[in-house]
Amino acid sequence: MSFPIVVLISGSGSNLQALIDQSLQGTLNVTISAVISNKTDAYGLERAKKAGIPTHVLDHKSYNSREEFDIALQFVIDQYRPKLVVLAGFMRILTEDFTRHYEGRMLNIHPSLLPKFKGLNTHQRAIDAKETEHGVSVHFVSAELDAGAVVVQARTPIEPSDTADTLAERVHKLEHIIYPLAVKWFSEERLTHQDKYAFLDGQKLPLSGIDYQEKP
């Protein structure tokens, strides 16, 4: 039986497309029950419609507070009874009540090697800091921004000629590999979350998660 997930987006939805593609190919046994966006013009909504996936738009500007928006969002998500909520470029800071409701069953992807460069503009910040490598992390969502248990990371060297755009392009390619992989692990009940730590096959993962190059 296919594993139900709901995906939240704010933009182009390229990670959503990676999930759609792998589910169609049969390498990822999930059903994307719905795609929800906080922006009406998110291109990811078109990707979902082309794949026959139900879509919802909850414009955060229509709500009086962050709490009010999250209550409405939770109501829509829970109608689909997903076993996992996947944040795929969902550009909202979530309230503590919301994150607690989905604790251990909500994943996010962040374009840095966490705990480095939480927040925005990660590619330029990595270059400015003269880092030798950069990358992407999949992590469980916690109330603290970009601070939940890391599941898996993928890395790329920072070249002297790199700009934020060229670095972002390489990182995006890595995102489309490791995000479906983490979702696959969770759907197969190999990946779990206990006491603020991530576990794979019953083994507690290090704080930096699994290095994709050494994936089991």
Side-chain angles (χ1 to χ4, degrees), residues 7-22 35 37-39 41-47 60-61 66 85-94 99 106-186 191 193 196-198 200 205-216:
V7 181
L8 309 186
I9 63 169
S10 295
S12 71
S14 64
N15 278 301
L16 166 64
Q17 190 65 57
L19 294 170
I20 291 171
D21 291 346
Q22 290 211 18
V35 171
S37 175
N38 66 311
K39 294 188 175 181
D41 60 350
Y43 181 67
L45 293 168
E46 295 303 314
R47 297 180 189 271
H60 60 274
K61 296 175 185 175
R66 197 175 293 279
V85 178
V86 178
L87 309 186
F90 188 61
M91 305 301 288
R92 293 285 298 167
I93 295 174
L94 299 165
T99 57
M106 182 160 56
L107 291 174
N108 186 38
I109 191 158
H110 182 73
S112 81
L113 297 172
L114 291 172
K116 292 182 178 180
F117 308 117
K118 298 175 183 179
L120 302 175
N121 304 317
T122 60
H123 310 303
Q124 189 61 54
R125 287 163 62 199
I127 291 171
D128 292 345
K130 302 190 183 327
E131 296 284 324
T132 59
E133 64 177 3
H134 188 46
V136 58
S137 307
V138 176
H139 65 94
F140 282 100
V141 177
S142 66
E144 186 182 347
L145 180 67
D146 298 330
V150 176
V151 175
V152 57
Q153 294 184 327
R155 304 165 186 270
T156 184
I158 298 179
E159 306 294 344
S161 59
D162 267 329
T163 64
D165 288 342
T166 60
L167 193 53
E169 186 176 348
R170 292 205 305 281
V171 170
H172 278 145
K173 290 178 181 177
L174 296 174
E175 289 179 16
H176 302 158
I177 296 170
I178 68 168
Y179 213 2
L181 180 63
V183 171
K184 179 180 174 68
W185 289 339
F186 193 93
L191 174 64
H193 182 271
K196 300 183 180 181
Y197 291 96
L200 187 66
L205 298 181
L207 294 179
S208 60
I210 292 171
D211 187 324
Y212 171 68
Q213 303 302 326
E214 302 171 359
K215 69 181 188 300

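Each residue takes its place number in the sequence, starting with 1.
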So how far is it from [X] [atom1] to [Y] [atom2], rounded to the nearest 0.5 Å?
{"X": "N121", "Y": "D128", "atom1": "CG", "atom2": "CG", "result": "10.0 Å"}
{"X": "N108", "Y": "Y179", "atom1": "CG", "atom2": "OH", "result": "5.0 Å"}
{"X": "T122", "Y": "F117", "atom1": "OG1", "atom2": "CZ", "result": "8.5 Å"}
{"X": "Y212", "Y": "I178", "atom1": "OH", "atom2": "CD1", "result": "9.0 Å"}
{"X": "Y43", "Y": "S12", "atom1": "OH", "atom2": "OG", "result": "9.5 Å"}
{"X": "L145", "Y": "S142", "atom1": "CG", "atom2": "OG", "result": "8.5 Å"}

Do [X] and [Y] touch side chain to side chain, with heavy atoms closer than 4.5 Å?
{"X": "K118", "Y": "S112", "value": "no"}
{"X": "L107", "Y": "I109", "value": "no"}
{"X": "V150", "Y": "S208", "value": "no"}
{"X": "L87", "Y": "L94", "value": "yes"}
{"X": "D165", "Y": "E169", "value": "no"}
{"X": "I158", "Y": "T132", "value": "no"}
{"X": "V86", "Y": "L8", "value": "no"}

Under the ring pair (Phe, Tyr, Trp, His ring centres under 6.0 Å) rule, collect the residues that match up with [X], sequence neighbours excluded.
{"X": "H134", "answer": "H123"}
{"X": "F140", "answer": "H193"}
{"X": "H60", "answer": "none"}

Query raised in the report: For L205 and V151, which heavy atoms make the closest approach, and how far apart are they?
Result: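 Closest heavy-atom pair between L205 and V151: CD1-O, 3.6 Å.
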**Report entry** Heavy-atom pair with the smallest gap, counting every atom of A88 and L16
**Finding:**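 That would be CB-N, 4.3 Å.
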Query raised in the report: Judged by atom type as modelled, is there a donor-acceptor pair below 3.5 Å linking the side chain of R66 to the main-chain atoms of I93?
Result: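 Yes: the side chain of R66 pairs with the backbone of I93.
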Query raised in the report: So, Q153 side chain and L114 main chain: donor-acceptor pair closer than 3.5 Å or not?
Result: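 Such a contact is found between Q153 side chain and L114 backbone.
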Query raised in the report: By salt bridge (charged side-chain N to carboxylate O under 4.0 Å, His left out), which residues pair with D146, not counting sequence neighbours?
Result: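 Partners of D146 by the salt bridge (charged side-chain N to carboxylate O under 4.0 Å, His left out) criterion come out as none, since no residue qualifies.
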Query - side chain to side chain contact (heavy atoms under 4.5 Å, CB included) partners for R170, two or more places apart - result: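 So R170 forms a side chain to side chain contact (heavy atoms under 4.5 Å, CB included) with T156, E159, D162, L167.
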What pairs with [X] under side chain to side chain donor-acceptor pair (under 3.5 Å), at least two apart in sequence or on another chain?
{"X": "R47", "answer": "Q17"}
{"X": "K184", "answer": "E188"}
{"X": "E131", "answer": "K116"}
{"X": "E133", "answer": "R155"}

Query raised in the report: Would you find more than 12 non-hydrogen atoms of other residues, nucleotides or ligands less than 6.0 Å from K196 atom NZ?
Result: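 Atom NZ in K196 is not packed in, count stays at 12 or less.
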Query raised in the report: How would you list all residue pairs meeting salt bridge (charged side-chain N to carboxylate O under 4.0 Å, His left out) that involve residues 8-17, not counting sequence neighbours?
Result: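 Listed by first then second residue: nothing to list.
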Query raised in the report: Judged by modelled atom types alone, do S14 and H176 share a side-chain donor-acceptor pair under 3.5 Å?
Result: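 On atom types as modelled, these side chains qualify, holding a pair under 3.5 Å.
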